[in-house]
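Numbers restart at 1 for each chain; the letters A, B, ... are given by sequence-line order, proteins then strands.
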Amino acid sequence: DAGVIQSPRHEVTEMGQEVTLRCKPISGHDYLFWYRQTMMRGLELLIYFNNNVPIDDSGMPEDRFSAKMPNASFSTLKIQPSEPRDSAVYFCASSFSEHQYNEQFFGPGTRLTVL
Amino acid sequence: AQSVTQLDSQVPVFEEAPVELRCNYSSSVSVYLFWYVQYPNQGLQLLLKYLSGSTLVKGINGFEAEFNKSQTSFHLRKPSVHISDTAEYFCAVSGYGGANNLFFGTGTRLTVIP
């Protein structure tokens, strides 16, 4: 398996623009997680899905952030409008509920820079 | 709910010296414990995990960790570090029977000095 795939790997945009980050989980995994990593706040869980349904979005910072999972093989994280403080590395991870130990597999991340 | 504390934000150590990265957890239920490593400009990779059984767990790259239930700790150790071990290390906990979410610590940056 190719692992968790994220695109783009790098994104540079200007304040006010819409940004869409994409994630393809490992085939067969039924959980998907979005994280944000910054120097100031470390690794933060934004939202996670189970069987394409959002379970907990309490980590989403504000209404400018939204996430969708239209099918088992694709998820998006959208920021509209973007702000400089959204600059961070965004990770997607997936896991399989039948694994008793809840191991998560991480993608390589998307480094977002908002100017 | 579960939580993790990594007391050391940065640990410098000379090459070939031993290292211990500390992790303490809090949980009202039995747990699974993990150490992840993040090399510069990369995602997180699983280093090792404790599920049950032997309290001494061996992982990749010569790392090992010991689960201590009475002290609620899961410290990571390596007897002799290499330059290539320079990375950020995250401890994480997950509760039995709960959702598949992990609770991560704030990370420890290990810097190996030549």
Non-hydrogen atoms of chain B under 4.5 Å away: do they reach the side chain of Glu44(A), the backbone, both or neither?
neither

For Arg111(A), is it the side chain, the backbone, both, or neither that has a heavy atom closer than 4.5 Å to a heavy atom of chain B?
side chain

Closest non-hydrogen atom pair between Arg9(A) and Asn41(B), with its separation
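That would be NH2-O, 4.1 Å.
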
Shortest non-hydrogen separation from Leu43(A) to Phe90(B) and the atoms involved
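That closest heavy-atom pairing would be CB-CE2, 4.5 Å.
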
Give the cluster check for [X] versus [Y]: same hydrophobic cluster or not, with ILVMFWY residues linked at side-chain heavy-atom distances below 4.5 Å.
X	Y	answer
Phe49(A)	Phe103(B)	no
Leu51(B)	Phe104(B)	yes
Ile83(B)	Leu47(B)	yes
Tyr90(A)	Leu115(A)	no
Leu21(A)	Leu45(A)	no

Option that, when pairs with chain A are counted at under 4.5 Å, heavy atom only, ranks first among Leu46(B), Leu33(B), Thr106(B):
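Most heavy-atom pairs under 4.5 Å with chain A: Leu46(B).
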
Distance from Leu102(B) atom CG to Tyr31(A) atom OH, nearest 0.5 Å?
11.5 Å

Looking at Asn71(A), I want to see if its CG is surrounded by more than 12 non-hydrogen atoms of other residues, nucleotides or ligands under 6.0 Å.
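Yes.
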
Taking atom CD of Glu15(B) as the centre, report whether more than 12 heavy atoms of other residues, nucleotides or ligands fall under 6.0 Å from it.
yes

With a 4.5 angstrom heavy-atom cut-off, could you sort out which part of Gln38(B) is near chain A: side chain, backbone, both or neither?
side chain

Sort by residue number and list every residue of residues 74-83 of chain A having at least one heavy atom under 4.5 Å from chain B.
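Residues qualifying by a heavy atom under 4.5 Å from chain B are absent, so none.
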
Which of the residues Pro108(A), Gly42(A), Gly109(A), Ala93(A) is involved in the greatest number of heavy-atom pairs with chain B at under 4.5 angstrom?
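Option with the greatest count: Pro108(A).
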
State whether the side chain of Tyr36(B) and the backbone N or O of Gln104(A) hold a donor-acceptor pair below 3.5 Å, judged by distance alone.
yes

